[in-house]
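Notes to accompany the following structure.
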Amino acid sequence: MSELLNFIRDLFASIFTGNVKTSRLHRELKIVWRELRQRNPSFFRPRTNEILPAFAEAVYRWSQYARYLTALFQKTILNENGRMAELYRDHLVESKLDEKDRFKKNNFTYAAMNARLSQSPSFRDTLADITRDFEDYLSLFRQPEFATCDEEFANIERLALLSRYPYEKILSFFDPGTATMDRNYKPTFVPVLAQNATQELMDFYFSIAELDLGKNVAENVVLLFRRYRKTQDKEGEEKVRKIVSLLDTLRKKQLSRETLLCLIRLSGEDPRLSLPADRAAAAALELYKARFLSRFELVREKLLREHSQSRVAGDVSVLFGQSPLLEPRCYTDGLSNELQEEGFPSFTHLQALRILKSFVVLLYEKSIKEHLQQLVIEGYFEQKTFKDRFIALFHETLNAVDKITMFETSLGELGDVSVAKVTEYLEKHKNGKTVTASLNQLVETINDNVSRLLEATVNSFVRFRVAFDELLADAKQLTPSIVSNIRVIGGDRNSEIMKRLAADRDAISLFLDIMKNFTVIRRPAASPEEALRRSVGGR
């Protein structure tokens, strides 16, 4: 029946206006107006198509209540220091734990895990126990108390953003002199043609439409207030609760999603306009667990590296004696620790690079190289093929110093892959900038560069040691066939050269035994001479 009446109404309207679509539009807009009138009759005047000052007054009151929370949010979850903001967000999640479980997270810091491992007879078993304890801790967040965590967090984030929303954008249509932050400002709002404010209405709608202040938001704001103040302030807490309650009342009675949508439809003369609001809840709980898991894994990796290093500590002491290991330039403990403290991957090859640099500079360059050069210069190589290979491999090891120096120099320059860039990203992170992906990638690139340097340099010594072993094994024969005068280099029947060369070979071997704990040692292909011997022997 209603459809028939509408048809008749449209028919008569078309007779007088000559346009059925216009008539239908006016009728549908009247329906929207009647819906708005039931909610807030003082917000809109259909005859002149104006939004009335009562709406601006409601928005202004909302802005004043919300502004009261601005400083609190800027010091907590909207803190410019991203790490500080993260700590407050974590606090909101952890506050749902029982008192006995709340501080279990402290068992998974580097200091706590290292202390527990150092008192244990079995590093591997204890690390496995710590990992199980960590998994048990994460399982606590599957309790029913955390079922609404993401929704609650989404609402407190929406409220935080609304606390610093630029309300002057919409209020200036009603009063060009609007100053919401000025305590002396007295509003003098006037009606506004609705069509002029459509875009600002939509912006405000998207910011406030899905806000629900009934989802424990008040208590979460109180938790932030309590954590920020660090002292008991019952009066302040009650004031926070009152502000959130006033916002909730104003939101429900005057600035509801439906009310705003009616205003937007009327201002845009689009009665069927649909605005999909952002209903997605921030994955606060999963982000918390992901961050915590990432930090735990970083600490565990560091402890495993240190354990590996401790296993070779005796060999390092034998190799270098009392000489302290040389520190690489730029690739340092200080910067590595700072990265880890901020939740980023740290430098993973510090000890390996110290050992490599110390061996090359303190042992190889200062003494071993001199003995080998004497062998190359004074030795009578009977096999040209072996001589060429031996000298080529020897020169390859001599490039180690240059490779290390080039790496340190490039890392110290002002390039895209440099310590300066790492420091720049760290500073931006501390100031609240989003640089996580870029900094992670940069640290990974630097670590990869060190890894390649280690592998390439160490394996050059592996290849040289094979040739060196062949030469010394041959020197033990009654008549050496590789270097015929090896036993008398440096003097008639001088046994000292053989002792020095054997000691040098042992030092290189011990160095390689240490470095196999830090890098990939590749088995070198058999030399042409060795392949020939095997072939002859096989026949």
Side-chain angles (χ1 to χ4, degrees), residues 65-66 68-109 111-113 133-164 210-248 280-296 299 341-343 432:
Y65 295 150
Y68 177 80
L69 302 174
T70 301
L72 174 61
F73 285 129
Q74 286 180 338
K75 296 292 184 180
T76 55
I77 62 174
L78 297 183
N79 198 302
E80 288 186 357
N81 184 320
R83 180 73 180 123
M84 187 65 67
E86 192 176 276
L87 289 173
Y88 279 104
R89 290 188 174 94
D90 290 351
H91 176 65
L92 291 178
V93 175
E94 293 162 3
S95 65
K96 292 181 176 294
L97 290 170
D98 291 338
E99 190 70 28
K100 63 182 178 64
D101 295 326
R102 195 167 298 161
F103 299 103
K104 285 183 177 179
K105 65 174 287 187
N106 296 331
N107 296 333
F108 308 109
T109 63
M113 291 169 63
D133 292 344
F134 178 79
E135 291 169 350
D136 290 341
Y137 175 76
L138 287 187
S139 70
L140 294 173
F141 298 98
R142 294 197 291 267
Q143 298 176 108
E145 294 86 344
F146 293 91
T148 61
C149 183
D150 288 347
E151 188 178 356
E152 291 176 21
F153 196 85
N155 279 298
I156 199 168
E157 282 274 321
R158 289 176 183 129
L159 180 58
L161 293 174
L162 279 164
S163 74
R164 61 181 191 184
E210 290 307 307
L211 178 66
D212 185 348
L213 295 174
K215 303 292 185 180
N216 291 331
V217 171
E219 292 311 309
N220 279 323
V221 179
V222 168
L223 280 172
L224 293 175
F225 178 82
R226 192 178 295 155
R227 179 66 179 268
Y228 172 64
R229 294 299 295 268
K230 297 180 182 178
T231 57
Q232 194 172 44
D233 184 355
K234 294 294 184 183
E235 184 178 345
E237 291 178 16
E238 285 306 311
K239 192 167 184 180
V240 167
R241 288 191 182 93
K242 182 179 179 181
I243 289 294
V244 177
S245 176
L246 289 169
L247 286 167
D248 190 31
L285 186 56
E286 289 305 314
L287 286 172
Y288 171 86
K289 291 193 290 186
R291 284 198 305 269
F292 199 40
L293 175 61
S294 176
R295 287 176 187 159
F296 175 76
V299 170
E341 287 169 6
E342 294 298 327

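These values consider heavy atoms only, across backbone and side chains, with no hydrogens, waters or symmetry-generated copies.
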Checklist entry - Looking at side-chain heavy atoms only, is the closest gap between Y137 and L97 below 4.5 Å? => result yes
Checklist entry - Got a second to check how far Y228's OH is from T76's OG1, nearest 0.5 Å? => result 9.0 Å
Item to check | Minimal non-hydrogen separation, L92 against N220, with atom names | outcome: CD2-O, 3.5 Å
Next on the checklist: To the nearest 0.5 Å, what is the distance between CG on L246 and OH on Y65?
Outcome noted: 4.5 Å
Checklist entry - Counting only heavy atoms not in F146, do more than 12 sit closer than 6.0 Å to its CZ atom? => result yes
Checklist entry - Does the side chain of F73 reach to within under 4.5 Å of the side chain of I156, using non-hydrogen atoms? => result yes
Item to check | Heavy-atom closest pair, residues K96 and E145 | outcome: CD-O, 3.6 Å
Item to check | Residue pair V217 / D248, side-chain heavy-atom distance below 4.5 Å | outcome: no
Next on the checklist: Within this structure, what is the CG-CD distance for the pair N155 and E152, rounded to the nearest 0.5 Å?
Outcome noted: 8.5 Å
Checklist entry - K75 versus Y88: any side-chain heavy-atom pair under 4.5 Å? => result no
Checklist entry - CG of L211 to CG of L247: how many Å apart, nearest 0.5 Å? => result 8.0 Å
Next on the checklist: Show the nearest heavy-atom pair for residues A85 and I77, with the distance to one decimal.
Outcome noted: CB-O, 3.6 Å
Next on the checklist: Which heavy atom of A66 sits nearest to which heavy atom of S163, and what is that distance?
Outcome noted: O-CB, 3.5 Å
Next on the checklist: Between D150 and A284 (side chain of the first, backbone of the second, donor and acceptor by atom type, cut-off under 3.5 Å), is there such a pair?
Outcome noted: yes
Checklist entry - Which pair of heavy atoms, one from R102 and one from K105, lies closest together, and at what distance? => result O-CG, 4.0 Å
Checklist entry - Do the charged groups of R226 and E237 touch, with an N to O distance under 4.0 Å? => result yes
Item to check | Any R89 side-chain heavy atom under 4.5 Å of E157 side chain | outcome: yes
Checklist entry - Can you check whether A112's main-chain N or O pairs, donor with acceptor, with T109's side chain at less than 3.5 Å? => result yes
Checklist entry - Within a reach of under 6.0 Å around NZ of K289, are more than 12 heavy atoms found that belong to other residues, nucleotides or ligands? => result yes
Checklist entry - If you measure from NZ on K104 to CG on D133, what distance do you get to the nearest 0.5 Å? => result 8.5 Å
Checklist entry - Looking at side-chain heavy atoms only, is the closest gap between F108 and V299 below 4.5 Å? => result no
Checklist entry - Charged N to carboxylate O under 4.0 angstrom, R241 versus E238? => result yes
Checklist entry - With distance as the sole test, does Q143 use its side chain to make a donor-acceptor pair with the main-chain N or O of L140 at under 3.5 Å? => result yes
Checklist entry - Any Lys/Arg nitrogen of D90 or R291 sitting under 4.0 Å from an Asp/Glu carboxylate oxygen of the other? => result yes
Checklist outcome for this item: All heavy atoms of V244 vs all of A218, minimum pair found to be CG1-CB, 3.8 Å
Next on the checklist: Does any part of the side chain of F153, heavy atoms only, come nearer than 4.5 Å to the side chain of L285, both counted from C-beta?
Outcome noted: no
Next on the checklist: Contact between V93 and F141 at the side-chain level, heavy atoms closer than 4.5 Å - yes or no?
Outcome noted: yes
Checklist entry - How many angstroms lie between CG in L293 and CZ in F134, if you round to the nearest 0.5 Å? => result 5.0 Å
